[in-house]
Amino acid sequence: MAPSFGDENSLTNFVVKEGNGVKGLVDSGLMEVPSRYIQPPHNRISKQHTTASIDQSMTIDLSELDGPNDDQVVKSIAHAAETLGFFQVVNHGVPLELLDSLKVAAHQFFNQPVEKKAVYLKGVSPSPMVKYGTSFNPDKEKALEWKDYVSMIYTNDDDAHMFWPNECKEVALEFIKTTNQMVQRLFQALITSLGVKLDDSRFDELIGFRMVNMNYYPACPNPDLTVGVGKHSDMGTLTVLLQDGIGGLYVKKGDDSSPGSEEWIGIPPAHGALVINVGDTLQILSNGRYKSAEHRVRTTSVESRVSIPIFTAPLPKTKIGPLAELVARDGIARSRELLFEEYMNNFFANTHDGKKSLDFASTT
């Protein structure tokens, strides 16, 4: 018999503080979504406002970079970043066997007994670089997200081997290493398309922070009432995402639409492909030419889903702001200059709310 949560505190204790997570709720025999997870109607993912799938032109073959078709590939990358802020890449150089192993490792981590995962809860984790949790900011959210996660910040190989969970550290570390060159090539293509040059140290510090997450979305008894992840854009420069075969990722088309009337485009899983999306930092650096992608995740009643993103961002003490050449060319700076650390702290201090995080960098 499923446990009864008579009040919000008992639910919060079970899910958040004790580390049972959403998976613990589902494993307990839950038959319907607790009220704490029911989203207001305007935040639910309505199928009437979704487009079946992303256009095929948004799938880019990276094997053609640095070849005869290099110019066209760079143009395709820049076009995707200027419009939707999302695209998929194939022939990216990451072994397909590794992608399969990552998905297996994610399931292995979350299928452990709660006491094995709870050692990584905030405040007790052996390292501040590793955190296991649920939702995004449960202390401030009115409605919780139907997601558990483990987050691992990369500092060096030794720390990763020492502190990251045994169930996933080897494949997670390999994922970061094998995507590094691809991220550099994509970032270089996007900077080149802006018509600016960065010296090596500036280039490296703008993509010097890397964090890999393993996200777990348990099967949900009432998916129409919940979200796996609410509407948001990522804070960093570029995100690399591995989906499993289930799907549920949606990206918003355009910036100008009122709540409830937005058009959302599905990003269907494609075997061997990786999803790339523009983060807020790249929108700021490009003075608004590139668009950080507002996106969200739908839950499913069929089976549990995993996804594994790598968030690439500036080093914390790096100054971010519109690149000077672009401000001179555009005649206006659309964001102020600030430390990325300030932007990151503000991002994590709030709840998911579309692209509101960008207001923190506003010039007004």
Side-chain angles (χ1 to χ4, degrees), residues 45-62 64-65 71-92 179 182-183 185-194 207 227-243 247-270 272-298 307 309-313 326 334-335 352-358:
I45 302 180
S46 167
K47 290 184 178 178
Q48 72 185 81
H49 294 132
T50 59
T51 301
S53 63
I54 193 172
D55 190 278
Q56 275 301 109
S57 66
M58 294 296 187
T59 299
I60 298 171
D61 186 346
L62 293 188
E64 299 189 17
L65 265 180
D71 286 350
Q72 185 54 51
V73 176
V74 169
K75 284 180 182 177
S76 297
I77 292 168
H79 173 71
E82 290 169 359
T83 51
L84 196 60
F86 251 87
F87 54 99
Q88 298 201 85
V89 294
V90 295
N91 295 322
H92 38 63
T179 54
M182 177 190 69
V183 170
R185 294 171 79 198
L186 290 171
F187 188 46
Q188 185 61 66
L190 290 163
I191 292 297
T192 299
S193 293
L194 292 173
I207 53 172
V227 296
V229 181
K231 306 176 205 178
H232 72 290
S233 53
D234 294 342
M235 65 176 179
T237 308
L238 287 170
T239 300
V240 179
L241 174 71
L242 171 63
Q243 299 196 81
L249 174 63
Y250 292 87
V251 59
K252 184 178 171 183
K253 185 177 181 181
D255 286 333
D256 303 320
S257 51
S258 58
S261 66
E262 310 105 326
E263 183 180 354
W264 293 86
I265 299 172
I267 311 292
L274 292 168
V275 178
I276 309 295
N277 71 272
V278 172
D280 292 347
T281 295
L282 189 50
Q283 177 167 328
I284 291 169
L285 292 170
S286 70
N287 207 28
R289 177 170 163 185
Y290 298 140
K291 309 297 183 187
S292 63
E294 185 175 340
H295 54 288
R296 57 183 179 171
V297 175
R298 180 179 169 83
S307 67
I310 295 176
F311 301 102
T312 304
L326 300 180
R334 295 185 171 88
S335 304
H352 284 152
D353 190 9
K355 293 179 67 171
K356 290 285 182 67
S357 53
L358 277 165

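In what follows, residues are counted from 1 in the order of the sequence shown.
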Report task. Any chance you could lay out the side-chain contact (heavy atoms from CB on, under 4.5 Å) test for L282 and L190, step after step, and finish with the verdict? Result -> CA-CA 9 Å; L282 189 50; L190 290 163; 3.8 Å; yes
Report task. Kindly compute the distance separating CG (L62) from CD1 (I60), expressed to the nearest 0.5 Å. Result -> 7.0 Å
Query raised in the report: Is there side-chain contact between Q88 and I276, with at least one heavy-atom pair below 4.5 Å?
Result: no
Query raised in the report: Heavy-atom distance under 4.5 Å between the side chains of V297 and V227, does that happen here?
Result: no
Query raised in the report: Considering residues at least two apart in sequence or located in another chain, which fulfil the ring-ring contact (aromatic ring centres under 6.0 Å, His included) criterion with F311?
Result: none
Query raised in the report: N287 and S335: side-chain donor and acceptor closer than 3.5 Å?
Result: no
**Report entry** Pairs where residues 72-87 contributes a residue and the test salt bridge (charged side-chain N to carboxylate O under 4.0 Å, His left out) is met, not counting sequence neighbours
**Finding:** E82-R289
**Report entry** Under the side chain to side chain contact (heavy atoms under 4.5 Å, CB included) test, residues paired with T83 that sit two or more places apart
**Finding:** M58, H79
Requested in this report: Work out which heavy atom in K355 is nearest to a heavy atom in S233; give both atom names and the distance.
Outcome: CG-OG, 3.7 Å
Report summary line: All heavy atoms of D280 vs all of S357, minimum pair found to be OD2-OG, 2.9 Å
Requested in this report: Begin with the C-alpha distance, continue with both residues' side-chain angles, and end with the deciding distance and a verdict on side-chain contact (heavy atoms from CB on, under 4.5 Å) for I207 and L238.
Outcome: CA-CA 8 Å; I207 53 172; L238 287 170; 5.7 Å; no
Query raised in the report: Between OH of Y290 and OG of S193, what distance do you get to the nearest 0.5 Å?
Result: 4.5 Å
Query raised in the report: How many angstroms lie between CZ in R185 and CG in L65, if you round to the nearest 0.5 Å?
Result: 4.5 Å
Report summary line: d(D61 CG, N91 CG) to nearest 0.5 Å is 4.5 Å
Report task. State the CG-CG distance between L241 and L274, to the nearest 0.5 angstrom. Result -> 8.0 Å
Query - Shortest non-hydrogen contact from V74 toward A189 - result: CG1-O, 3.8 Å
Report task. State whether the side chain of R298 and the backbone N or O of I45 hold a donor-acceptor pair below 3.5 Å, judged by distance alone. Result -> yes
Report summary line: To the nearest 0.5 Å, atom CD1 of I310 lies from atom OG1 of T239 at 10.0 Å
Query raised in the report: Which residues satisfy the side chain to side chain contact (heavy atoms under 4.5 Å, CB included) test with T281, sequence neighbours excluded?
Result: T237, L285, P314, I320, F340
Requested in this report: Evaluate the criterion side-chain contact (heavy atoms from CB on, under 4.5 Å) for residue pair N277 and V251; output intermediate values, then yes/no.
Outcome: CA-CA 10 Å; N277 71 272; V251 59; over 6 Å; no
Query raised in the report: So, the side chain of Q283 versus the backbone of S292: is there a donor-acceptor pair under 3.5 Å, distance only?
Result: yes
Requested in this report: List in chain and number order the residues that pass ring-ring contact (aromatic ring centres under 6.0 Å, His included) with H295, two or more places apart in sequence or in another chain; answer none if no residue qualifies.
Outcome: F86, H232
Query - Residue that, paired with K231, satisfies side-chain hydrogen bond (donor to acceptor under 3.5 Å, both in side chains) out of E294, E262, H352 - result: E262
Report summary line: Across all chains, not counting sequence neighbours, the salt bridge (Lys or Arg N to Asp or Glu O under 4.0 Å) partners of K356 are D353
**Report entry** Check against side-chain contact (heavy atoms from CB on, under 4.5 Å), L186 and F87
**Finding:** CA-CA 11 Å; L186 290 171; F87 54 99; 4.1 Å; yes
